[in-house]
Amino acid sequence: MADASSFSTPPQTAGEAVREQICIHCALPIPPADLVVETVDGVERQFCCQGCRGAWLIITGAGLDRFYRQRHWQEPGLPEGAFETPYDDGYLARFVETDGHTGELSFIVEGLRCASCVWLNEKILSGLDGVESARVNYATHRARVRFDLERLGPADLFAAVSSLGYLPRPFTRDAAHQARERERRSLLMRLGAALFLSMQLMGYSLALYAGYFQGMEAGAKKLLQLFSALVATPVVFYSGWPFLQGAWRSLRHRSPGMDLLVATGILAAWGASLHAMWAGGEVYFDTAAMIVTLLLTGRLFENGARRRAASGVDRLLQLAPDTARRLDDSGAAITVESAVLQPGERILVTPGERFPVDGRLLEGTTEVDCSAATGEPLPQARQPGDPVLAGTMNLLAAVTLTVERPAADSFVARVARLVEEAQARRAPIQQLADRVSAWFVPLVAAMAAATWLFWQLSASQEVSPLLAAVAVLVIACPCALGLATPTAILVASGAAAGRGILFRGGDIIEAVAAVEVVAFDKTGTLTEGRPQLVAIEPAEGTADELLARVACAETGSNHPLALGVQAEVRRRGLSLAPAMTGVRTLPGLGLTADSPEGLQLIGSRQLLVGHGIIPPLHEDTAATEIHIALAGRYLGRLLFRDTIRPGAGELVTALHRLGIRTVLLSGDSQAAAEQLAARIGIDEARGGLLPEGKCARLQAERDAGRRVMMVGDGINDAPALALADVGCALAGGTDIALTTSDLVLTVPRLDRLQEALQLARSTMSIVRQNLFWAFVYNLAALPLAAAGGLAPIHAAAAMALSSVCVVANSLRLGRKKS
Amino acid sequence: MTLSTIALIFLSLCVGAGVWLVFLWAVRRGEFDDPEGPKFRMLDDDDDDENPSRKR
């Protein structure tokens, strides 16, 4: 594979490709030494490697060459390790689900970038002899293939995909994942059923309501009631099954909750209506069906949000590559699974690859991008003897390292375990409505029993004791109570999403409203994570000259400091001399370049001292310094500082006004943490913390009974995000941070966090109002029911009015401008 | 109530049930599993090879 550092436009036609020396398949420039030529029909095609040639032959051979015209690749190149298949049938067999002689295999296809890639993979897979069907899911990058086990092995499927230059990876459909998938489907079916049947039901109900006021022929009324019962029954027992199940569970555990209340409400309404139908009274089937439908809608939305969160740990583990190149005694590299590596073995890691395990550098000097592990934005120099962590990326040179820990015990695996533990340990938040129903359900049951007992013992024969007790049950179970929380949360989530705030579930809104302590990560959260040039201090010449000199040498570099220099050059509108030649990068030190005037040094104090130049000492040490020297003369220095995100100070002030304490938890030094905390007014600063340290600090707060929110963005924050009552990640953070957090700000602006807090608090006050409205009408009708004098119109009015009040009150949240 | 009204109510029930069954069938077939892919799939018409003016 060619190096992916430079990029040219992909070829439009084969003819242009010849002229530009660009590989037809992967669209990268061809290094002259690697050129592979294939002549078909007298036209010469050029490739960068045998793998690309093979892929092109397969694709054109199958008549699918329009793939090359239709694909939309933002950048050329193929995933690292394409064309290799490190998996065999024996290993893959356990991922195949079989029934008889057809098997079904799900796997991830890496390198899918456009719809044409999906199309190509589907065509090639379904073209294989023995494949029944092949579908590639563009949203999840997952392929699902049904095939004949006798004619084809799973490794053949993998070979077909990897021969095209994509990277297949086994995908474990573990039990938990399958259960989630099933739950979502069954929820969708139950909701669909509830929707269609409720629509029918509303038609009949409207006729019945009209009949109640205008009078209706007894036969017609009976018939409409019968139809109502026919469509309402499946809604109650099929669509409402999750609630009935939950109610039964809470009965067995003797912990009455929301589900029990909802189940009692819908069963009482349905049962009383059924009885009224025989007795010739009024029916309330529509109430039961409407409650079920609205509650299921809320559940489906919440389920969708949670589903995205569940993939977090999988994605974290993917950071460390599955395969590694192990060196044997003769120095030959063999590709093996990372899982089989043993401490003491030697492995080879090339630039652009992530380290598969924790180890110690044996040979070679390089720079490592540790941002995934520590959040530190600048690459770190590593020399023989230095430790490296799994999941961090090798940037500069191929290195050999000694394995120190098996893959199952590596840094990413430990973080993944921390995340899983934290997620498991977090106590479920008890919803407000659950707490209300805990005492309300027994109360209603007692009241119904008392009514029955009273009429049983009384001499009066006018009131049937059983009917009066059922009436108490129906009227006292406020169906609107079931709607109080979900409707408010639905409206609030919608309003929040429009402002770039995503709450992952209703309980999160309640938790956010109750937050007492907010802990922040430093780099990338409160600061931009991008060093900016803050001062130029030339020892001779002007600032512009010095800047231009540095910029010439650093042209084309992706180093964060070089990007800072380039940004400043653009801001000042300087024109640059052509890029310098003879630039050598010295890992961790800087770079040297040959210029007409002599050797130019750009880098750390250490680099200059190494060449016999002693830069003058300065007091300001909080910033990163770059010193410049030319032909033995000291020219000056550039100062960089990671800038604070706009709005950080305002946010901290606003949090303090809301009565929330703020803490800074940083992986950086204590001094750096304290300096930032002092600048924006954070109450407490802790530096030098590892992921475990951040968790321990949060746990201490939780043990003290305070509700904590963690705001972070790095992989090192993931366990803390999962442990906190509310984890909050800003967009632009790492995937794992986004997926382990409960609150995501899709606009990376800190003022949104304050909005989220205020919205959560006003949502909770709306929920409390809703609970009040849900009760007040029904409680008013309760004495009538207990007295045995409940008219149907009273029941209908109480039920409808309380529901309408609750829904209307919730809708106020959407109109609020926060 | 006339017989035709009853027939109409019954008919509407049948239509509703039919739509519901189609929906259940679609969920079981996995039509709602991939909300991203289909919007790109329509761009892949298989017949543009004979129409050079549409080549990019």
Side-chain angles (χ1 to χ4, degrees), chain A residues 12-13 63-72 112 114-120 122-123 135-142 144 181 184-201 203-204 207 211 216-224 226-228 230-231 234 304, chain B:
Chain A
Q12 301 299 306
T13 66
L64 302 174
D65 45 339
R66 74 191 183 90
F67 165 71
Y68 292 111
R69 296 192 300 275
Q70 294 211 332
R71 64 181 178 186
H72 299 278
L112 292 182
C114 58
S116 292
C117 297
V118 173
W119 171 83
L120 178 69
E122 280 184 0
K123 288 276 177 193
R135 285 297 256 186
V136 180
N137 186 324
Y138 184 63
T140 56
H141 289 198
R142 209 187 298 155
R144 208 168 159 72
E181 197 92 312
R184 197 184 93 89
R185 272 196 187 188
S186 88
L187 205 57
L188 198 59
M189 288 203 285
R190 286 182 207 279
L191 175 64
L195 275 176
F196 285 121
L197 294 174
S198 299
M199 278 189 321
Q200 299 280 324
L201 182 57
Y204 310 140
M216 194 184 221
E217 194 187 317
K221 185 172 164 185
K222 194 102 190 163
L223 191 77
L224 282 173
L226 195 71
F227 273 119
S228 297
L230 200 67
V231 290
Chain B
M1 198 160 21
T2 56
L3 196 69
S4 62
T5 318
I6 297 171
L8 278 177
I9 291 177
F10 186 72
L11 207 64
S12 81
L13 190 65
C14 287
V15 171
V19 173
W20 176 42
L21 289 177
V22 170
F23 171 77
L24 289 191
W25 168 80
V27 174
R28 278 184 204 283
R29 258 200 61 188
E31 294 288 339
F32 295 91
D33 287 355
D34 179 8
E36 280 297 311
K39 67 183 176 197
F40 296 107
R41 222 177 269 276
M42 70 168 188
L43 299 172
D44 293 330
D45 31 13
D46 275 307
D47 54 9
D48 70 342
D49 273 16
E50 291 77 42
N51 189 352
S53 64
R54 292 183 57 191
K55 282 184 185 174
R56 296 196 189 97

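All chains are named by letter (A, B, ...) in the order of the sequence lines, taking the proteins before the strands, and each is independently numbered beginning at 1. Here the structure is a predicted model, which is why all the values come from computation and not from measurement.
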Engineer: Rounded to the nearest 0.5 Å, what's the gap from CZ on A:R185 to CG on B:L24? Could you check?
Structural biologist: 12.0 Å
Engineer: What residue among A:L191, A:L188, A:L195 forms side chain to side chain contact (heavy atoms under 4.5 Å, CB included) with B:F23?
Structural biologist: A:L188
Engineer: So how far is it from A:F227 CZ to B:I6 CD1, rounded to the nearest 0.5 Å?
Structural biologist: 7.5 Å
Engineer: Closest approach of B:L13 and A:Q200, non-hydrogen atoms and distance?
Structural biologist: CA-OE1, 3.3 Å
Engineer: Once rounded to the nearest 0.5 Å, what's the spacing between atom CZ of B:F10 and atom CG of A:L230?
Structural biologist: 9.0 Å
